[in-house]
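Heads up, the thing below is written out as structure tokens.
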Amino acid sequence: MSVPDVDFFAIAVIIFSVFKSTLCIMTKENKQMVKKYIFGSVFNTEAVVEDIAVSSDSLPYLGVHGNDLLYKMSDDDIVYGLGENVRGINKRGWRYISRCTDQTGHSESTQALYAAHNFLIVDGAERFGVFVDTPAEVTFDVGFTALDTLRIEGGAENCAVYIIEGESLSDIVKQLRKLTGSSYIPPKWAFGHQQSRWGYSCSDDVRAVVRKHAELGCPLDSVYLDIDYMDEYKDFTIDRRRFPDFEALTAEMKEKGVRLVPIIDAAVKVQEGYDVYEEGVEKGYFCTGEDGKPFEVAVWPGRSCLPDVLNPEAREWFGKKYECLISRGIDGFWNDMNEPSIFYTDKTLNAAYDYANKVQESNIDINSYFILCEMFTGNLRSAEQYKDFYHNTPEGRISHDKVHNIYGYNMTRAAMEAFGKIAPDRRILLFSRSSYIGMHRFGGIWTGDNTAHWDHLAMNLKMMPSINMCGFLYSGADLGGFGGNVSEDLLTRWLQFGIFTPLMRNHTAWNCREKEVYQFPSAKYLSEIIKLRYRLIPYLYSEYVKAAKGNDMLFKPLSFVFENDSDAARIEDQLMWGESVMIAPVLEQNARGRYVYLPEDMLMVRWLSADEYKLEPMSAGRHYIEIPLREMVFFIRKGHLLPLCASAEHVRDLDASKLTVIGYGEGELSYELIDDDGESISGIGSIVRKIVCTTDANGIVEESIAD
Ligand code: GLC
């Protein structure tokens with residue numbers, strides 16, 4: 001028998017490649033995977049929008065020790081995530097408590113801020129993401145108690161735990177975001193410069209702010225109304241003595257291109273004759289105490305009740321209340337004090353008085369002195385009070401402490417769900433102080449009461465990618481700091497960074513230095529920074545919409561883009577901003593420059609004003625770059641383009657049909673610019689424009705193009 005003439009080698013190659021591609025599909029599928037585990041009885045936070053079956057496999061990566069989850073970290077592991085929190089992009093070395101807390105005056109030793117963003121990624125010897133979905137408190141000890149141990153305290157107690165594997169860091173983030181739903185997209189005007197101060201106390205204050213910006217030629221798109229606009233700090237009321245012409249003021253400002261954005265607080269004042277209070281009591285829409293009666297907490301207006309936003313009916317009722325301001329011409333809100341913040345309850349106040357009475361006649365020594373102080377500070381606001389009131393949820397009556405972290409989320413959801421009915425196709429600006437993953441579908445966040453400290457500028461930068469990971473794309477900090485007195489140089493450097501954050505709001509407290517840009521001798525230069533922001537808006541908006549639709553981040557740590565670059569992985573003071581730009585702002589006082597790490601060749605753009613810039617190609621590596629106070633730089637990635645429009649006084653006046661395009665690379669480069677009408681929901685991202693430019697002999701693009 002003769003052996004047929006067969007090419008065994010070719011067959012072997014075919015078999016091997018079929019096997020290999022099957023293996024590839026398997027590994028790819030295996031890698032792009034979310035697994036769900038349940039511990040105990042789980043309250044449905046509705047953070048997750050996908051239906052995922054509970055895994056029958058054992059929990060990978062993490063060991064279960066009692067109620068905790070444990071992971072042994074190798075020396076080189078980096079831990080990303082945890083959203084709004086203090087400290088670095090790499091979260092190692094601290095204990096972060098997810099317990100939404102009103103934290104004015106926070107610092108790097110604060111453990112709990114306003115949000116509960118229970119998602120982290122471990123990247124190193126192994127790579128995986130963990131989302132701990134629970135409305136109750138969880139603590140992430142990321143190498144604080146023991147350097148090499150990640151302990152998620154409470155991570156195995158009445159939680160759904162999602163383990164996410166992926167092909168890259170970005171891929172893990174994208175899977176979390178697919179799991180939890182698409183990020184909120186605000187109206188385009190909300191990308192403009194916004195001015196706020198607790199203390200604009202009458203219509204003429206607002207008019208003056210707008211006039212002074214216009215006189216300076218400084219762009220402005222909105223002015224905020226803090227609690228001063230309300231009648232006795234009552235939600236959905238207007239103090240007519242100070243804002244007699246509220247409707248006319250709103251219309252007049254809108255005509256001028258400026259929107260007014262009022263604050264809404266979580267708690268509703270207890271007052272006979274106040275309709276919101278009376279209705280809430282009558283319908284049983286407030287949180288109740290042990291005795292079933294509306295539970296009273298004290299906030300700005302004194303005694304108040306908390307709308308039970310975990311009860312769907314109450315949520316709908318509270319959301320509808322926003323209509324009274326929308327019908328008066330308002331198209332944006334900020335939801336505040338919704339951790340919820342409680343100044344005191346009867347119990348804590350009486351305990352403080354009792355203690356004071358008890359020691360009144362005695363010699364107040366060291367111990368009683370400390371107790372006395374604590375009774376009137378920390379203890380008055382103690383988290384213990386969260387055990388004293390209840391919600392009527394679809395899952396039954398539940399004490400607040402068990403669902404604490406989803407209160408602000410549901411207040412914001414109340415508003416956005418109502419907006420969907422009040423103005424179905426209109427985008428209304430909405431952001432919140434407190435949040436939980438899942439809330440990113442309904443609104444953005446600001447990062448609360450920061451301080452005019454240089455390290456809070458650095459913290460602002462470090463927080464942005466972590467917040468983005470958790471879905472909060474529309475976000476930003478109070479530029480220049482909410483508390484404290486900002487120095488002119490700090491405000492300058494902060495604005496130089498703030499022009500990149502989607503929410504660009506200068507906000508401060510009533511007792512701090514006035515810090516509208518026109519208050520400073522360098523007002524002209526400060527307004528140049530803001531003008532540059534407006535030039536960047538077509539790109540910012542385009543990248544924002546792409547990130548929202550693609551479940552991606554706008555701000556990324558360098559390592560998310562340059563995955564195999566171990567130097568990039570340790571950079572904590574530079575960020576990637578969309579696909580084309582890397583930012584490296586100056587974060588230190590009196591610095592005249594800084595070291596910048598370039599993971600690849602890039603084009604440095606040095607801005608002397610909004611319209612004057614210099615281009616300088618730079619090679620990969622470390623460089624010391626001079627950056628005087630009144631200059632700023634950023635970098636364009638090789639192979640990428642940055643479109644810029646001319647600045648304008650308001651977002652509505654920006655003309656994206658005429659662009660200056662800057663880029664760097666070789667040959668033909670392209671950028672897809674996404675745009676739309678900026679107002680409708682149905683039109684989001686409907687204009688897609690491909691920009692193609694060719695580099696010159698130096699690899700540079702600098703072109704003016706028109707539609
Ligand atoms: C809270 C807010 C702050 C606001 C103040 C008064 O502290 O975080 O932004 O200005 O309340 O409403």
Side-chain angles (χ1 to χ4, degrees), residues 43 45-47 82-86 96-106 110-119 132-138 180 183-184 226-227 235 263-268 287 297 299-300 304-310 314-315 318-319 322 333-343 381-383 385-386 389 391 393 400-417 429-450 463 466-467 470-478 482 503 505 507:
F43 182 92
T45 63
E46 296 179 61
L82 296 180
E84 182 185 289
N85 256 305
V86 298
Y96 309 89
I97 303 179
S98 278
R99 182 208 301 129
C100 298
T101 306
D102 181 353
Q103 280 287 13
T104 300
H106 49 266
T110 299
Q111 292 184 314
L113 287 181
Y114 306 84
H117 296 160
N118 302 338
F119 170 68
V132 181
D133 189 12
T134 169
E137 183 171 318
V138 195
T180 53
S183 298
Y184 164 71
D226 206 316
I227 47 174
D235 276 342
I263 197 168
I264 304 291
D265 283 334
V268 169
C287 294
V297 301
V299 203
W300 305 123
S304 309
C305 287
L306 292 165
D308 185 359
V309 286
L310 269 61
R315 189 160 66 229
F318 191 74
Y322 288 72
F333 299 90
W334 45 315
N335 280 348
D336 193 21
M337 307 300 273
N338 52 1
E339 292 69 32
S341 176
I342 299 177
F343 293 169
R381 311 190 68 164
S382 151
Q385 303 174 103
Y386 295 136
F389 59 96
H391 294 270
T393 79
H400 176 81
D401 66 313
K402 299 205 168 67
V403 287
H404 172 71
N405 285 341
I406 58 171
Y407 188 85
Y409 155 28
N410 279 287
M411 177 192 175
T412 301
R413 177 178 172 186
M416 192 48 78
E417 283 176 346
L429 172 61
L430 181 65
F431 60 95
S432 169
R433 193 171 71 177
S434 185
S435 61
Y436 181 82
I437 291 180
M439 200 205 85
H440 66 277
R441 306 193 295 269
F442 304 103
I445 54 173
W446 93 99
T447 59
D449 296 349
N450 60 358
M463 243 190 228
S466 314
I467 286 173
C470 299
F472 296 94
L473 296 180
Y474 192 75
S475 49
D478 289 347
F482 170 75
L503 166 61
R505 184 177 75 147
H507 176 51

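Using a 4.5 Å cut-off on side-chain heavy atoms (C-beta onward), N85 and M463 make no contact. Using a 4.5 Å heavy-atom threshold, the side chains of P340 and V297 count as separate. Considering only heavy atoms from C-beta on, D226 comes within 4.5 Å of H507 through its side chain. Annotation: side chain of L430 is not in contact with side chain of W334 (no heavy-atom distance under 4.5 Å). Two residues are said to be in side-chain contact when any heavy atoms from C-beta on lie closer than 4.5 Å; I264 and D336 fail this criterion. Within the 4.5 Å cutoff, the side chain of I342 has no heavy atoms near those of the V299 side chain. The shortest distance between side-chain heavy atoms of Y96 and V138 does not fall below 4.5 Å. Two residues are said to be in side-chain contact when any heavy atoms from C-beta on lie closer than 4.5 Å; L473 and Y184 fail this criterion.
When every heavy atom of F431 is checked against every heavy atom of I445, the shortest pair comes out as CB-N, 3.7 Å. The two residues I227 and I263 make their nearest non-hydrogen contact at N-CG2, 3.5 Å. Here the shortest heavy-atom pairing between E84 and A115 reads OE2-N, 3.4 Å. Residues A266 and Y407 approach most closely at CB-CE2, 4.0 Å, considering heavy atoms. When all heavy atoms of C100 and N405 are compared, the closest pair comes out as N-OD1, 2.9 Å. Summarising the geometry of A47 relative to Y409, their closest heavy-atom pair is N-OH, 3.7 Å, with the distance given to 0.1 Å.
Interatomic distance, F389 CZ to C305 SG, rounded to the nearest 0.5 Å: 11.0 Å. With rounding to the nearest 0.5 angstrom, the CD1 atom of I406 is 8.0 Å from the NE2 atom of H391. Between S475 atom OG and L503 atom CG the span is 7.5 Å, to the nearest 0.5 Å. With rounding to the nearest 0.5 Å, the separation of OG1 in T393 from CG in L310 is 6.5 Å. If you take CD1 on I437 and CZ on F119, they are separated by 7.0 Å, rounding to the nearest 0.5 Å. To the nearest 0.5 angstrom, L82 atom CG is 11.0 Å from L113 atom CG.
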Checklist entry - Hey, mind stepping through E46 and R413 against side chain to side chain contact (heavy atoms under 4.5 Å, CB included) and telling me if it holds? => result CA-CA 11 Å; E46 296 179 61; R413 177 178 172 186; 3.1 Å; yes
Checklist entry - Given the rule in the side chain to side chain contact (heavy atoms under 4.5 Å, CB included) test, do Y436 and N410 qualify, once you have shown the distances and angles that lead to the verdict? => result CA-CA 9 Å; Y436 181 82; N410 279 287; over 6 Å; no
Item to check | Test side chain to side chain contact (heavy atoms under 4.5 Å, CB included) applied to H404 and E137, step by step | outcome: CA-CA 8 Å; H404 172 71; E137 183 171 318; over 6 Å; no
Checklist entry - Where do T447 and I467 land on the side chain to side chain contact (heavy atoms under 4.5 Å, CB included) test, with the steps shown first? => result CA-CA 10 Å; T447 59; I467 286 173; 3.7 Å; yes
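Scanning for side chain to side chain donor-acceptor pair (under 3.5 Å) contacts around S304 gives an empty result, with sequence neighbours left out. The salt bridge (charged side-chain N to carboxylate O under 4.0 Å, His left out) test applied to R505 returns D478, not counting sequence neighbours. For R441, there are no salt bridge (charged side-chain N to carboxylate O under 4.0 Å, His left out) partners two or more places apart in sequence or in a different chain. Under the side chain to side chain donor-acceptor pair (under 3.5 Å) criterion, D102 pairs with S341, R381, R433, not counting sequence neighbours. Judged as a ring-ring contact (aromatic ring centres under 6.0 Å, His included), and not counting sequence neighbours, the contacts of F333 are Y322, F419. Remark: H117 pairs with F472 by the ring-ring contact (aromatic ring centres under 6.0 Å, His included) rule, at least two apart or across chains.
Below 30°, between 30° and 60°, or above 60°: for W300 and F343 the angle between ring planes is above 60°, a perpendicular geometry.
Formation of a donor-acceptor pair under 3.5 Å by the Y474 side chain with backbone atoms of G443 is not found in this model. For the pair E417 (side chain) and A414 (backbone), a donor-acceptor distance under 3.5 Å is absent. D308 places no side-chain N or O within donor-acceptor distance of the main-chain N or O of C287, the cut-off being under 3.5 Å. Between the side chain of S432 and the main chain of T412, no donor-acceptor pair closer than 3.5 Å is present. Side-chain atoms of H440 come within 3.5 Å of backbone N or O of G438 as a donor-acceptor pair.
Between E339 and R99, none of the side-chain N atoms (NZ, or NE/NH1/NH2) sits under 4.0 Å from a carboxylate O, so this pair counts as no salt bridge.
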